[in-house]
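The sequence lines fix the lettering, A, B, ..., with proteins before strands; numbering per chain opens at 1.
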Amino acid sequence: MQPPHTPPTSADDLLARCQAIAGLSLGELASLANVAIPANLQRHKGWPGMLIEKWLGATAGSKPQQDFPELGIELKTIPIDAAFRPLETTYVCYAPLAGQTGVTWETSNVRNKLQQVLWLPLEGDRQIPLADRRVASGFLWSPDAAEDLELRQDWEELTEMIALGKVEAITARQGNALHIRPKAASGKVLTDALNEDGERIQTRPRGFYLRKSFTEAILARMFG
DNA sequence: GCGTGATCATTC
DNA sequence: GAATGATCACGC
């Protein structure tokens, strides 16, 4: 077995690729793909995600769109414990901080990214050696009306604060499903934002993340 | 620096 | 122990 050389042609094709790797360990997938296995993830935090992208035929690169644009599907690997509960929050996308005007929930990056997600849970317990961690069954998810509403309310609240120049007042404690946290290579990285007087300021870049409680409910519906 | 892939590690 | 705030690697 080898990683595919072409993108999946349909959602069914993509799901079939998931089925083909379900139950295999990251070590097995890495050696079959001739990818080196890091000792741990401390300096390779995105490694599992990159490996799975390769196995599903996602086009490599850092485009700000979905992983499978022709299918309208975003891929998210998610580390889980033995009870299929998420061990980490899920990064969605950058939070625009400088003069985003006229953007609504319907046209937001967050909604676009979450319109249709292929969740691929993997064992993430730090006690399990990285190479031994197995991949679970991937599944497609789209937010239902209640989830969409929950996400929209959080997004609108946070986006309004940014628009009012209150970026610095935003805390990760805000938001039921979606929240904002720093997202950068280090605390030295700065980007443009606006203060309450509409003046340009420099602040740490932020990103939107899904809370564990939100993704836990999604996983529970599938595996619970 | 932006945006991708995220997890780490300090604080609560 | 969990959540928040901070950080690591890579391509361009």
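- With rounding to whole Å, A:Phe214 atom CZ is found 16 Å from C:dA3 atom P.
- One N or O on the side chain of A:Lys76 and one on the backbone of A:Tyr91 form a donor-acceptor pair closer than 3.5 Å.
- Remark: side-chain polar atoms of A:Arg211 are paired, donor with acceptor, to backbone N or O of A:Gly175 under 3.5 angstrom.
- Taking atom CE of A:Met50 as the reference point, atom P of C:dC10 lies 9 Å away to the nearest angstrom.
- As rounded to whole Å, 11 Å separates atom P of C:dA3 from atom CG of A:Leu87.
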Which nucleotides of nucleotides 7-12 of chain B have their base under 4.0 Å from a protein heavy atom (B), which only their sugar-phosphate (S), and which neither (-), written as one string 5' to 3'?
BBB---
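- At most 12 non-hydrogen atoms from other residues, nucleotides or ligands lie less than 6.0 angstrom from CE of A:Met50.
- A straight line from CZ of A:Phe208 to P of B:dG3 spans 13 Å, rounded to a whole angstrom.
- Spacing between atom CZ of A:Arg200 and atom C1' of B:dG1 amounts to 13 Å, rounded to whole angstrom units.
- Among the atoms of the strands shown, only primed sugar atoms or phosphate atoms (P, OP1, OP2) are found under 4.0 Å from some heavy atom of A:Lys76.
- More than 12 heavy atoms of other residues, nucleotides or ligands shown are found within 6.0 angstrom of CZ on A:Arg133.
- When the P atom of B:dG5 is taken as reference, atom CG of A:Leu120 falls 13 Å away, rounded to whole Å.
- One interatomic measurement links the two molecules: NZ of A:Lys188 to P of B:dC2, which rounds to 17 Å at whole-angstrom precision.
- For the pair A:Arg17 and A:Asp13, the salt-bridge criterion is met [side-chain N within less than 4.0 Å of a carboxylate O].
- Using a 4.0 Å cut-off, no side-chain N or O of A:Arg206 falls inside it from OP1 or OP2 of C:dG5.
- Side chains of A:Gln116 and A:Glu74: a donor-acceptor N/O pair is absent below 3.5 angstrom, by distance only.
- Checked for salt-bridge contact, A:Glu147 and A:Arg221 meet the test: a charged N lies under 4.0 Å from a carboxylate O.
- For the pair A:Glu216 CD and C:dG1 C1', the interatomic distance rounds to 14 Å; values are reported in whole Å.
- As judged by a 4.0 angstrom heavy-atom cut-off over every strand, A:Pro182 is placed among the base-contacting residues.
- In terms of position along DNA chain C, the nucleotide closest to A:His179 lies nearer the 5' end than the nucleotide closest to the other residue of the pair A:Gly187 and A:His179.
- Remark on DNA chain B: of its neighbouring residues A:Thr191 and A:Lys183, the 5'-side contact belongs to A:Thr191, judged by nearest-heavy-atom nucleotide.
- The residue A:Glu74 sits close only to the backbone: its heavy atoms come under 4.0 Å of sugar-phosphate atoms, none of a base.
- Within 4.0 Å (heavy atoms only), A:Leu190 reaches sugar-phosphate atoms of the nucleic acid but no base atom.
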